[in-house]
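Here is the structure we will look at, set down as C-alpha coordinates.
To find a chain, count down the sequence lines: A is the first, B the second, and so on, and within it residues start at 1. None of the values given here were measured: they were computed from a predicted structure.
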Number of protein chains: 2
Amino acid sequence: MLNSYTKEDKVMLAIDCIIFGFDEEGLKILLIKRDFEPERGKWSLIGGFLKVNETLDEAASRILYTLTGVHDIYMEQFYTYSEIDRDPVERTLSVSYYALIDIERHNEELIENYNASWHSIAEVPKLIFDHDKMLDKGLKRLRRRTSIVPIGFNLLPEKFTMLQLQKLYEAILDKPLDKRNFINKINSMDILIKLNEKDMSSSTKGSFLYMFDGEKYNAKLTDNFYLKL
Amino acid sequence: MLNSYTKEDKVMLAIDCIIFGFDEEGLKILLIKRDFEPERGKWSLIGGFLKVNETLDEAASRILYTLTGVHDIYMEQFYTYSEIDRDPVERTLSVSYYALIDIERHNEELIENYNASWHSIAEVPKLIFDHDKMLDKGLKRLRRRTSIVPIGFNLLPEKFTMLQLQKLYEAILDKPLDKRNFINKINSMDILIKLNEKDMSSSTKGSFLYMFDGEKYNAKLTDNFYLKL
DNA sequence: CTTTACACGTGTAAATATAACACTTATTAA
DNA sequence: TTAATAAGTGTTATATTTACACGTGTAAAG
(Lines give C-alpha, C1' and ligand atoms only; values in the text may rest on other atoms or scores of the structure.)
Protein backbone atom coordinates (compact mmCIF):
# COMPACT_ATOMS: atom_id res chain seq x y z
CA MET A 1 0.00 0.00 0.00
CA LEU A 2 2.85 2.27 -0.75
CA ASN A 3 0.93 3.29 -3.84
CA SER A 4 -2.59 4.47 -4.24
CA TYR A 5 -5.17 2.02 -5.49
CA THR A 6 -4.67 1.38 -9.16
CA LYS A 7 -5.26 -1.72 -11.16
CA GLU A 8 -3.19 -4.36 -9.48
CA ASP A 9 -2.57 -7.87 -10.73
CA LYS A 10 -5.00 -10.58 -9.78
CA VAL A 11 -4.25 -14.24 -9.30
CA MET A 12 -6.08 -17.50 -8.77
CA LEU A 13 -6.01 -18.86 -5.27
CA ALA A 14 -6.24 -22.56 -4.60
CA ILE A 15 -6.90 -24.07 -1.21
CA ASP A 16 -5.21 -27.38 -0.52
CA CYS A 17 -6.07 -29.39 2.49
CA ILE A 18 -4.29 -32.14 4.37
CA ILE A 19 -7.04 -34.23 5.91
CA PHE A 20 -5.68 -36.20 8.84
CA GLY A 21 -7.41 -39.25 10.25
CA PHE A 22 -6.43 -41.84 12.81
CA ASP A 23 -7.23 -45.52 13.33
CA GLU A 24 -5.61 -48.67 14.74
CA GLU A 25 -3.04 -48.55 11.99
CA GLY A 26 -1.94 -45.04 12.87
CA LEU A 27 -2.06 -41.58 11.40
CA LYS A 28 -3.42 -41.29 7.88
CA ILE A 29 -4.18 -38.69 5.28
CA LEU A 30 -6.86 -38.59 2.64
CA LEU A 31 -5.61 -38.27 -0.93
CA ILE A 32 -7.33 -38.19 -4.28
CA LYS A 33 -6.18 -39.74 -7.48
CA ARG A 34 -6.57 -37.10 -10.14
CA ASP A 35 -8.73 -38.11 -13.08
CA PHE A 36 -8.00 -35.02 -15.09
CA GLU A 37 -5.02 -33.28 -16.59
CA PRO A 38 -2.43 -32.24 -15.72
CA GLU A 39 -0.94 -35.03 -13.67
CA ARG A 40 -3.85 -37.37 -14.30
CA GLY A 41 -3.51 -40.52 -12.24
CA LYS A 42 -1.19 -38.89 -9.71
CA TRP A 43 -2.00 -38.45 -6.04
CA SER A 44 -2.96 -35.07 -4.73
CA LEU A 45 -4.14 -33.33 -1.61
CA ILE A 46 -7.75 -32.30 -1.54
CA GLY A 47 -8.18 -28.88 -3.05
CA GLY A 48 -10.33 -26.31 -4.72
CA PHE A 49 -10.36 -22.67 -5.67
CA LEU A 50 -11.29 -19.61 -3.70
CA LYS A 51 -14.42 -17.87 -4.90
CA VAL A 52 -14.43 -14.13 -4.80
CA ASN A 53 -17.26 -13.93 -2.28
CA GLU A 54 -15.94 -16.30 0.39
CA THR A 55 -13.17 -16.28 2.95
CA LEU A 56 -10.39 -18.84 2.92
CA ASP A 57 -11.87 -20.61 5.92
CA GLU A 58 -15.22 -20.78 4.16
CA ALA A 59 -13.60 -22.15 1.04
CA ALA A 60 -11.72 -24.75 3.05
CA SER A 61 -14.91 -25.75 4.85
CA ARG A 62 -16.74 -26.02 1.57
CA ILE A 63 -14.05 -28.20 0.07
CA LEU A 64 -13.94 -30.40 3.15
CA TYR A 65 -17.69 -30.76 3.11
CA THR A 66 -17.73 -31.63 -0.55
CA LEU A 67 -15.44 -34.54 0.01
CA THR A 68 -16.44 -35.81 3.42
CA GLY A 69 -20.05 -34.74 3.87
CA VAL A 70 -19.08 -33.38 7.29
CA HIS A 71 -19.50 -29.83 8.58
CA ASP A 72 -17.56 -28.10 11.35
CA ILE A 73 -14.31 -29.91 10.82
CA TYR A 74 -11.36 -28.73 12.86
CA MET A 75 -8.86 -27.05 10.58
CA GLU A 76 -6.00 -24.63 10.58
CA GLN A 77 -4.43 -22.59 7.83
CA PHE A 78 -0.67 -22.91 7.82
CA TYR A 79 1.08 -21.49 4.77
CA THR A 80 0.62 -19.89 1.38
CA TYR A 81 2.65 -21.27 -1.50
CA SER A 82 3.52 -19.05 -4.41
CA GLU A 83 6.26 -20.47 -6.57
CA ILE A 84 5.70 -19.19 -10.08
CA ASP A 85 5.46 -22.59 -11.73
CA ARG A 86 3.99 -24.55 -8.88
CA ASP A 87 0.95 -25.21 -11.03
CA PRO A 88 2.01 -25.82 -14.63
CA VAL A 89 -1.33 -24.79 -16.13
CA GLU A 90 -1.79 -21.33 -14.80
CA ARG A 91 -0.33 -18.99 -12.24
CA THR A 92 -2.01 -20.13 -9.04
CA LEU A 93 -1.10 -19.63 -5.42
CA SER A 94 -2.22 -22.11 -2.85
CA VAL A 95 -3.23 -21.56 0.73
CA SER A 96 -2.72 -24.76 2.66
CA TYR A 97 -4.77 -26.06 5.54
CA TYR A 98 -4.71 -29.14 7.63
CA ALA A 99 -7.88 -30.66 8.99
CA LEU A 100 -8.47 -33.25 11.69
CA ILE A 101 -11.40 -35.59 11.40
CA ASP A 102 -12.74 -38.66 13.13
CA ILE A 103 -11.91 -41.23 10.48
CA GLU A 104 -15.15 -43.13 11.10
CA ARG A 105 -17.29 -40.09 10.61
CA HIS A 106 -17.28 -39.36 6.92
CA ASN A 107 -19.19 -40.31 3.87
CA GLU A 108 -17.61 -43.39 2.28
CA GLU A 109 -19.59 -42.96 -0.86
CA LEU A 110 -18.36 -39.44 -1.50
CA ILE A 111 -14.82 -40.52 -0.98
CA GLU A 112 -15.22 -43.29 -3.51
CA ASN A 113 -16.85 -40.99 -5.99
CA TYR A 114 -13.91 -38.66 -5.79
CA ASN A 115 -11.38 -41.43 -6.12
CA ALA A 116 -10.06 -40.66 -2.68
CA SER A 117 -8.41 -43.02 -0.24
CA TRP A 118 -6.62 -43.06 3.09
CA HIS A 119 -2.85 -43.45 3.21
CA SER A 120 -0.72 -44.17 6.22
CA ILE A 121 1.52 -41.25 6.92
CA ALA A 122 4.56 -43.47 6.58
CA GLU A 123 3.56 -44.65 3.13
CA VAL A 124 2.42 -41.56 1.33
CA PRO A 125 3.05 -41.74 -2.41
CA LYS A 126 4.70 -38.96 -4.37
CA LEU A 127 2.24 -36.09 -4.63
CA ILE A 128 1.67 -33.57 -7.40
CA PHE A 129 3.05 -30.04 -7.57
CA ASP A 130 4.39 -28.84 -4.23
CA HIS A 131 2.02 -30.99 -2.19
CA ASP A 132 4.92 -32.97 -0.74
CA LYS A 133 6.29 -29.78 0.72
CA MET A 134 2.87 -28.91 2.05
CA LEU A 135 2.48 -32.24 3.74
CA ASP A 136 5.88 -31.91 5.29
CA LYS A 137 5.18 -28.49 6.71
CA GLY A 138 1.63 -29.38 7.71
CA LEU A 139 2.75 -32.45 9.57
CA LYS A 140 5.41 -30.48 11.40
CA ARG A 141 2.83 -27.89 12.35
CA LEU A 142 0.43 -30.55 13.53
CA ARG A 143 3.16 -32.05 15.69
CA ARG A 144 4.03 -28.75 17.27
CA ARG A 145 0.40 -27.81 17.84
CA THR A 146 -0.74 -31.12 19.30
CA SER A 147 2.05 -31.06 21.81
CA ILE A 148 0.96 -27.63 23.00
CA VAL A 149 -2.80 -27.53 22.59
CA PRO A 150 -5.22 -30.44 22.93
CA ILE A 151 -6.48 -30.54 19.36
CA GLY A 152 -5.79 -34.25 18.97
CA PHE A 153 -9.24 -35.12 20.27
CA ASN A 154 -10.63 -34.08 16.90
CA LEU A 155 -9.08 -37.22 15.45
CA LEU A 156 -10.84 -39.52 17.91
CA PRO A 157 -14.45 -40.56 18.35
CA GLU A 158 -16.30 -38.74 21.10
CA LYS A 159 -15.60 -41.54 23.56
CA PHE A 160 -12.17 -43.08 23.67
CA THR A 161 -9.87 -45.03 25.94
CA MET A 162 -6.63 -43.79 27.44
CA LEU A 163 -4.71 -46.24 25.30
CA GLN A 164 -6.34 -44.88 22.15
CA LEU A 165 -5.36 -41.39 23.17
CA GLN A 166 -1.82 -42.49 23.87
CA LYS A 167 -1.55 -44.30 20.55
CA LEU A 168 -2.82 -41.18 18.84
CA TYR A 169 -0.12 -39.03 20.40
CA GLU A 170 2.47 -41.64 19.60
CA ALA A 171 1.35 -41.66 15.99
CA ILE A 172 1.40 -37.89 15.66
CA LEU A 173 4.68 -37.36 17.48
CA ASP A 174 6.13 -40.49 15.92
CA LYS A 175 7.71 -41.71 19.14
CA PRO A 176 6.77 -44.14 21.90
CA LEU A 177 5.41 -42.70 25.13
CA ASP A 178 5.47 -44.25 28.59
CA LYS A 179 2.00 -45.38 29.62
CA ARG A 180 2.12 -44.22 33.22
CA ASN A 181 3.78 -40.92 32.47
CA PHE A 182 1.29 -40.27 29.72
CA ILE A 183 -1.70 -40.96 31.94
CA ASN A 184 -0.27 -38.86 34.76
CA LYS A 185 0.33 -35.97 32.40
CA ILE A 186 -3.12 -36.11 30.88
CA ASN A 187 -4.80 -36.47 34.25
CA SER A 188 -2.84 -33.60 35.73
CA MET A 189 -4.28 -31.38 33.02
CA ASP A 190 -7.78 -32.24 34.16
CA ILE A 191 -9.51 -31.82 30.82
CA LEU A 192 -11.04 -35.27 30.46
CA ILE A 193 -14.36 -36.63 31.71
CA LYS A 194 -14.07 -40.22 32.88
CA LEU A 195 -17.26 -42.05 31.96
CA ASN A 196 -18.91 -44.85 33.91
CA GLU A 197 -18.62 -46.90 30.82
CA LYS A 198 -16.07 -49.34 29.57
CA ASP A 199 -14.85 -50.43 26.22
CA MET A 200 -14.86 -54.23 26.41
CA SER A 201 -13.44 -54.93 22.98
CA SER A 202 -9.78 -54.89 23.92
CA SER A 203 -9.64 -56.92 27.12
CA THR A 204 -11.70 -59.00 29.53
CA LYS A 205 -11.31 -56.38 32.21
CA GLY A 206 -12.39 -53.61 29.90
CA SER A 207 -11.00 -50.09 29.83
CA PHE A 208 -12.77 -46.94 30.89
CA LEU A 209 -13.96 -44.52 28.28
CA TYR A 210 -13.22 -40.81 28.44
CA MET A 211 -14.51 -37.68 26.77
CA PHE A 212 -12.71 -34.41 26.15
CA ASP A 213 -14.13 -31.67 28.35
CA GLY A 214 -14.05 -28.62 26.11
CA GLU A 215 -15.59 -26.34 28.71
CA LYS A 216 -13.07 -27.16 31.38
CA TYR A 217 -10.34 -26.69 28.82
CA ASN A 218 -11.60 -23.29 27.71
CA ALA A 219 -11.84 -22.18 31.32
CA LYS A 220 -8.15 -22.89 31.73
CA LEU A 221 -7.02 -21.20 28.57
CA THR A 222 -6.35 -17.91 30.33
CA ASP A 223 -3.23 -19.11 32.12
CA ASN A 224 -0.56 -20.29 29.78
CA PHE A 225 -1.64 -23.81 30.07
CA TYR A 226 -0.31 -26.44 27.77
CA LEU A 227 0.67 -30.07 27.34
CA LYS A 228 4.23 -30.50 26.16
CA LEU A 229 4.29 -34.18 25.20
CA MET B 1 -8.89 -29.36 -7.66
CA LEU B 2 -11.96 -31.46 -7.49
CA ASN B 3 -12.94 -29.86 -10.77
CA SER B 4 -11.07 -29.62 -13.99
CA TYR B 5 -9.45 -26.33 -14.88
CA THR B 6 -12.08 -23.83 -15.84
CA LYS B 7 -12.19 -20.11 -15.36
CA GLU B 8 -11.85 -19.61 -11.65
CA ASP B 9 -12.18 -16.35 -9.76
CA LYS B 10 -9.13 -14.19 -9.33
CA VAL B 11 -8.35 -11.86 -6.49
CA MET B 12 -5.87 -9.19 -5.55
CA LEU B 13 -3.21 -10.21 -3.09
CA ALA B 14 -1.62 -7.71 -0.76
CA ILE B 15 1.51 -8.38 1.25
CA ASP B 16 1.68 -6.68 4.62
CA CYS B 17 4.82 -6.67 6.61
CA ILE B 18 5.57 -6.13 10.28
CA ILE B 19 9.07 -4.72 10.37
CA PHE B 20 10.61 -5.25 13.77
CA GLY B 21 13.56 -3.31 15.06
CA PHE B 22 15.28 -3.06 18.41
CA ASP B 23 17.18 -0.34 20.24
CA GLU B 24 17.86 0.84 23.80
CA GLU B 25 14.21 1.68 24.20
CA GLY B 26 13.08 -1.82 23.29
CA LEU B 27 11.24 -3.59 20.52
CA LYS B 28 9.75 -1.39 17.81
CA ILE B 29 7.86 -1.67 14.58
CA LEU B 30 7.93 0.49 11.51
CA LEU B 31 4.60 2.02 10.51
CA ILE B 32 3.54 4.37 7.76
CA LYS B 33 1.04 7.14 7.96
CA ARG B 34 -1.19 6.80 4.93
CA ASP B 35 -1.36 9.86 2.73
CA PHE B 36 -4.05 8.46 0.47
CA GLU B 37 -7.60 7.21 0.78
CA PRO B 38 -9.10 5.22 2.29
CA GLU B 39 -8.00 5.75 5.86
CA ARG B 40 -5.77 8.69 4.98
CA GLY B 41 -3.78 9.81 8.00
CA LYS B 42 -4.15 6.48 9.77
CA TRP B 43 -1.28 4.20 10.65
CA SER B 44 -0.64 1.09 8.66
CA LEU B 45 1.81 -1.77 8.30
CA ILE B 46 4.09 -1.64 5.33
CA GLY B 47 2.47 -3.26 2.35
CA GLY B 48 2.15 -3.70 -1.36
CA PHE B 49 0.57 -5.91 -3.95
CA LEU B 50 1.72 -9.16 -5.45
CA LYS B 51 2.63 -8.95 -9.10
CA VAL B 52 1.70 -11.88 -11.24
CA ASN B 53 5.29 -12.76 -12.07
CA GLU B 54 6.79 -12.85 -8.60
CA THR B 55 6.55 -15.10 -5.56
CA LEU B 56 5.27 -13.86 -2.23
CA ASP B 57 8.78 -13.86 -0.79
CA GLU B 58 9.99 -11.83 -3.74
CA ALA B 59 7.16 -9.38 -3.30
CA ALA B 60 7.88 -9.06 0.41
CA SER B 61 11.58 -8.52 -0.31
CA ARG B 62 10.73 -5.90 -2.90
CA ILE B 63 8.45 -4.06 -0.50
CA LEU B 64 11.01 -4.20 2.27
CA TYR B 65 13.70 -2.92 -0.05
CA THR B 66 11.53 -0.09 -1.26
CA LEU B 67 11.07 1.21 2.24
CA THR B 68 14.39 0.44 3.88
CA GLY B 69 16.91 0.30 1.07
CA VAL B 70 18.14 -3.00 2.49
CA HIS B 71 18.35 -6.36 0.73
CA ASP B 72 18.35 -9.82 2.30
CA ILE B 73 16.24 -8.98 5.28
CA TYR B 74 15.23 -11.86 7.51
CA MET B 75 11.52 -12.46 7.13
CA GLU B 76 8.87 -15.07 7.64
CA GLN B 77 5.40 -15.45 6.21
CA PHE B 78 2.87 -16.19 8.92
CA TYR B 79 -0.78 -15.96 7.85
CA THR B 80 -3.13 -15.07 5.02
CA TYR B 81 -6.11 -12.87 5.84
CA SER B 82 -9.22 -13.11 3.78
CA GLU B 83 -12.24 -11.48 5.44
CA ILE B 84 -14.51 -10.25 2.68
CA ASP B 85 -14.53 -6.62 3.73
CA ARG B 86 -11.09 -6.39 5.25
CA ASP B 87 -10.23 -3.81 2.62
CA PRO B 88 -13.20 -1.52 1.98
CA VAL B 89 -12.14 -0.56 -1.52
CA GLU B 90 -11.85 -3.87 -3.23
CA ARG B 91 -11.77 -7.55 -2.46
CA THR B 92 -8.17 -8.09 -1.40
CA LEU B 93 -6.52 -10.83 0.57
CA SER B 94 -3.38 -10.15 2.48
CA VAL B 95 -0.44 -12.40 3.13
CA SER B 96 1.35 -11.21 6.23
CA TYR B 97 5.04 -11.35 6.96
CA TYR B 98 7.20 -10.22 9.76
CA ALA B 99 10.75 -9.03 9.15
CA LEU B 100 13.65 -8.47 11.51
CA ILE B 101 16.14 -5.73 10.80
CA ASP B 102 19.03 -4.04 12.49
CA ILE B 103 17.39 -0.73 13.30
CA GLU B 104 20.58 1.19 12.54
CA ARG B 105 20.92 -0.32 9.12
CA HIS B 106 18.25 1.31 7.01
CA ASN B 107 17.81 4.36 4.87
CA GLU B 108 16.47 7.24 7.00
CA GLU B 109 15.65 9.25 3.95
CA LEU B 110 13.43 6.60 2.42
CA ILE B 111 11.58 6.19 5.67
CA GLU B 112 10.93 9.90 5.85
CA ASN B 113 9.80 10.03 2.25
CA TYR B 114 7.26 7.35 2.95
CA ASN B 115 6.01 9.00 6.11
CA ALA B 116 7.16 6.05 8.13
CA SER B 117 8.29 5.99 11.73
CA TRP B 118 9.26 3.61 14.48
CA HIS B 119 6.83 2.85 17.28
CA SER B 120 7.56 1.08 20.52
CA ILE B 121 5.68 -2.16 20.65
CA ALA B 122 3.93 -1.06 23.82
CA GLU B 123 2.63 2.14 22.23
CA VAL B 124 1.41 1.10 18.83
CA PRO B 125 -1.48 3.25 17.62
CA LYS B 126 -4.68 1.85 16.22
CA LEU B 127 -3.92 0.44 12.77
CA ILE B 128 -6.05 0.28 9.64
CA PHE B 129 -8.08 -2.68 8.45
CA ASP B 130 -7.11 -5.91 10.18
CA HIS B 131 -3.52 -4.83 10.79
CA ASP B 132 -4.04 -4.93 14.56
CA LYS B 133 -4.88 -8.59 14.29
CA MET B 134 -1.83 -9.14 12.09
CA LEU B 135 0.45 -7.46 14.56
CA ASP B 136 -0.98 -9.52 17.37
CA LYS B 137 -0.45 -12.79 15.56
CA GLY B 138 2.91 -11.76 14.16
CA LEU B 139 4.20 -10.79 17.57
CA LYS B 140 3.03 -14.07 19.04
CA ARG B 141 4.75 -15.93 16.26
CA LEU B 142 7.94 -13.95 16.76
CA ARG B 143 7.88 -14.77 20.47
CA ARG B 144 7.44 -18.46 19.87
CA ARG B 145 10.09 -18.56 17.16
CA THR B 146 12.74 -16.57 18.99
CA SER B 147 12.45 -18.82 22.00
CA ILE B 148 13.05 -21.87 19.81
CA VAL B 149 15.37 -20.72 17.06
CA PRO B 150 18.08 -18.05 17.29
CA ILE B 151 16.63 -15.56 14.84
CA GLY B 152 16.89 -12.67 17.29
CA PHE B 153 20.38 -11.87 16.07
CA ASN B 154 18.85 -10.34 12.99
CA LEU B 155 17.65 -7.48 15.17
CA LEU B 156 21.12 -6.69 16.48
CA PRO B 157 24.20 -5.21 14.87
CA GLU B 158 26.81 -7.74 13.85
CA LYS B 159 28.73 -7.22 17.08
CA PHE B 160 26.83 -6.99 20.32
CA THR B 161 27.27 -7.41 24.05
CA MET B 162 25.66 -10.08 26.20
CA LEU B 163 23.58 -7.45 27.90
CA GLN B 164 22.25 -6.22 24.58
CA LEU B 165 21.30 -9.75 23.67
CA GLN B 166 19.58 -10.23 27.00
CA LYS B 167 17.69 -6.95 26.68
CA LEU B 168 16.59 -8.04 23.23
CA TYR B 169 15.16 -11.30 24.51
CA GLU B 170 13.53 -9.50 27.39
CA ALA B 171 11.92 -7.09 24.97
CA ILE B 172 10.64 -9.81 22.66
CA LEU B 173 9.42 -12.12 25.39
CA ASP B 174 8.22 -9.19 27.46
CA LYS B 175 9.59 -10.54 30.70
CA PRO B 176 12.73 -10.04 32.75
CA LEU B 177 15.44 -12.68 32.54
CA ASP B 178 18.09 -13.53 35.07
CA LYS B 179 21.51 -12.38 33.89
CA ARG B 180 23.48 -15.42 35.00
CA ASN B 181 20.94 -17.93 33.84
CA PHE B 182 20.69 -16.19 30.51
CA ILE B 183 24.43 -16.16 29.95
CA ASN B 184 24.74 -19.79 31.00
CA LYS B 185 21.98 -20.80 28.62
CA ILE B 186 23.41 -18.90 25.68
CA ASN B 187 26.93 -20.16 26.35
CA SER B 188 25.75 -23.74 26.68
CA MET B 189 24.35 -23.50 23.15
CA ASP B 190 27.78 -22.59 21.85
CA ILE B 191 26.67 -20.51 18.88
CA LEU B 192 28.44 -17.26 19.70
CA ILE B 193 31.93 -16.09 18.86
CA LYS B 194 33.49 -14.10 21.66
CA LEU B 195 35.60 -11.33 20.17
CA ASN B 196 38.81 -9.88 21.56
CA GLU B 197 37.12 -6.56 21.52
CA LYS B 198 35.16 -4.63 24.07
CA ASP B 199 32.40 -2.13 23.97
CA MET B 200 33.59 0.66 26.26
CA SER B 201 30.51 2.85 26.03
CA SER B 202 28.60 1.35 28.89
CA SER B 203 31.17 0.96 31.65
CA THR B 204 34.72 1.64 32.62
CA LYS B 205 35.50 -2.06 32.57
CA GLY B 206 34.00 -2.51 29.15
CA SER B 207 32.03 -5.53 28.02
CA PHE B 208 33.10 -8.10 25.50
CA LEU B 209 31.52 -8.11 22.09
CA TYR B 210 30.11 -11.25 20.52
CA MET B 211 29.04 -12.35 17.08
CA PHE B 212 26.49 -14.96 16.11
CA ASP B 213 28.20 -18.00 14.59
CA GLY B 214 25.82 -19.04 11.83
CA GLU B 215 28.00 -21.93 10.68
CA LYS B 216 28.23 -23.50 14.08
CA TYR B 217 24.51 -23.08 14.44
CA ASN B 218 23.73 -24.70 11.11
CA ALA B 219 25.97 -27.61 11.98
CA LYS B 220 23.87 -28.26 15.05
CA LEU B 221 20.53 -28.00 13.32
CA THR B 222 20.30 -31.73 12.72
CA ASP B 223 19.59 -32.65 16.32
CA ASN B 224 16.52 -31.06 17.70
CA PHE B 225 18.45 -28.27 19.17
CA TYR B 226 16.71 -25.25 20.55
CA LEU B 227 16.77 -22.47 23.11
CA LYS B 228 13.65 -22.36 25.22
CA LEU B 229 13.97 -19.02 26.95
C1' DC C 1 -15.71 -74.43 39.97
C1' DT C 2 -10.94 -73.36 39.34
C1' DT C 3 -7.34 -71.88 36.66
C1' DT C 4 -5.32 -69.29 33.05
C1' DA C 5 -4.59 -65.54 30.15
C1' DC C 6 -4.66 -60.77 29.17
C1' DA C 7 -4.75 -56.05 29.16
C1' DC C 8 -5.96 -52.37 32.65
C1' DG C 9 -4.55 -49.41 36.14
C1' DT C 10 -1.53 -47.49 39.43
C1' DG C 11 3.06 -44.72 42.36
C1' DT C 12 7.75 -43.82 43.55
C1' DA C 13 12.51 -42.78 43.06
C1' DA C 14 16.28 -41.04 40.16
C1' DA C 15 17.84 -37.85 36.87
C1' DT C 16 17.58 -33.70 34.63
C1' DA C 17 16.33 -28.97 33.93
C1' DT C 18 15.05 -24.65 35.63
C1' DA C 19 15.09 -20.87 38.88
C1' DA C 20 16.96 -18.17 42.54
C1' DC C 21 20.54 -15.80 44.27
C1' DA C 22 25.48 -12.16 45.67
C1' DC C 23 30.03 -11.15 45.44
C1' DT C 24 34.57 -10.12 43.05
C1' DT C 25 36.86 -7.79 39.18
C1' DA C 26 38.47 -4.34 36.01
C1' DT C 27 38.75 0.28 34.87
C1' DT C 28 38.30 5.25 34.91
C1' DA C 29 37.61 9.48 37.03
C1' DA C 30 37.61 12.03 41.17
C1' DT D 1 44.56 6.36 46.43
C1' DT D 2 39.90 5.92 46.55
C1' DA D 3 35.33 5.68 44.90
C1' DA D 4 32.09 4.51 41.59
C1' DT D 5 30.15 1.55 38.07
C1' DA D 6 28.86 -2.15 35.30
C1' DA D 7 30.95 -6.80 33.93
C1' DG D 8 31.61 -11.34 34.90
C1' DT D 9 31.12 -15.60 37.35
C1' DG D 10 28.86 -20.82 40.30
C1' DT D 11 26.16 -23.03 43.55
C1' DT D 12 22.00 -24.50 45.75
C1' DA D 13 17.07 -25.33 45.83
C1' DT D 14 13.07 -26.36 43.38
C1' DA D 15 10.41 -28.27 39.69
C1' DT D 16 9.93 -31.21 35.95
C1' DT D 17 10.74 -35.25 33.45
C1' DT D 18 11.94 -39.85 32.95
C1' DA D 19 12.39 -44.67 34.18
C1' DC D 20 10.40 -48.52 35.83
C1' DA D 21 7.02 -53.38 37.74
C1' DC D 22 3.28 -55.56 39.83
C1' DG D 23 -1.58 -56.33 41.54
C1' DT D 24 -6.48 -56.39 39.58
C1' DG D 25 -10.62 -57.69 37.22
C1' DT D 26 -12.97 -60.49 33.87
C1' DA D 27 -13.92 -63.98 30.47
C1' DA D 28 -12.75 -68.17 28.48
C1' DA D 29 -10.72 -72.68 28.89
C1' DG D 30 -10.17 -76.69 31.32
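Remark: C1' of dA19(D) and CG of L177(A) are 14 Å apart, rounded to the nearest angstrom. When rounded to the nearest whole Å, the span between CD of Q166(B) and P of dA7(D) equals 10 Å. Distance NZ (K175(A)) to P (dT17(D)): 11 Å, rounded to an integer number of Å. Atom NZ of K198(B) is separated from atom C1' of dA6(D) by 11 Å (rounded to the nearest Å). Atom CG of N187(A) is separated from atom C1' of dG9(C) by 11 Å (rounded to the nearest Å). The CD-P distance, from Q164(B) to dA7(D), rounds to 11 Å in whole Å. For M200(A) and dC6(C), the CE to P distance is 16 Å, given to the nearest whole Å. Summarising the geometry, the separation between CZ on F208(B) and C1' on dT9(D) is reported as 13 Å, rounded to the nearest angstrom.
Using a 4.0 Å heavy-atom cutoff across all strands shown, K185(B) reaches sugar-phosphate atoms only and no base atom. At a threshold of 4.0 angstrom between heavy atoms, the contacts of I183(A) include nucleobase atoms, whether or not backbone atoms are also involved.
Along DNA chain C, the nucleotide nearest to K179(B) and the one nearest to S202(A) differ in position, and the one closer to the 5' end is contacted by S202(A). Between R180(B) and T161(B), the residue anchored closer to the 5' end of DNA chain D is T161(B), taking for each the nucleotide with the nearest heavy atom. Take the nearest nucleotide of DNA chain C for D178(B) and for G206(B): the residue whose nucleotide is more 5' is D178(B). Taking the nucleotide of DNA chain D with the nearest heavy atom to each of T204(A) and N181(A), the more 5' of the two is matched to N181(A).
Under a 4.0 Å N-O distance rule, the pair K175(A)/E170(A) does not qualify as a salt bridge.
Taking K216(A) as the reference, D190(A) meet the side-chain hydrogen bond (donor to acceptor under 3.5 Å, both in side chains) condition, with sequence neighbours excluded. Listed by chain and number, the residues in a side-chain contact (heavy atoms from CB on, under 4.5 Å) with I183(A) are M162(A), K179(A), N187(A) (sequence neighbours excluded).
Checking dG10(D), dG9(C), dA7(D) against every side-chain atom of N184(B), the shortest atom distance belongs to dG10(D).
Within a 6.0 Å radius of NZ in K28(A), more than 12 heavy atoms belonging to other residues, nucleotides or ligands are found.
For the pair K194(A) and Y210(A), the cation does not sit on the ring face, since its NZ or CZ is not both under 6.0 Å from the ring centre and inside 45° of the axis.
Remark: the K205(B) side chain and the dA26(C) base include no donor-acceptor N/O pair separated by less than 3.5 Å.
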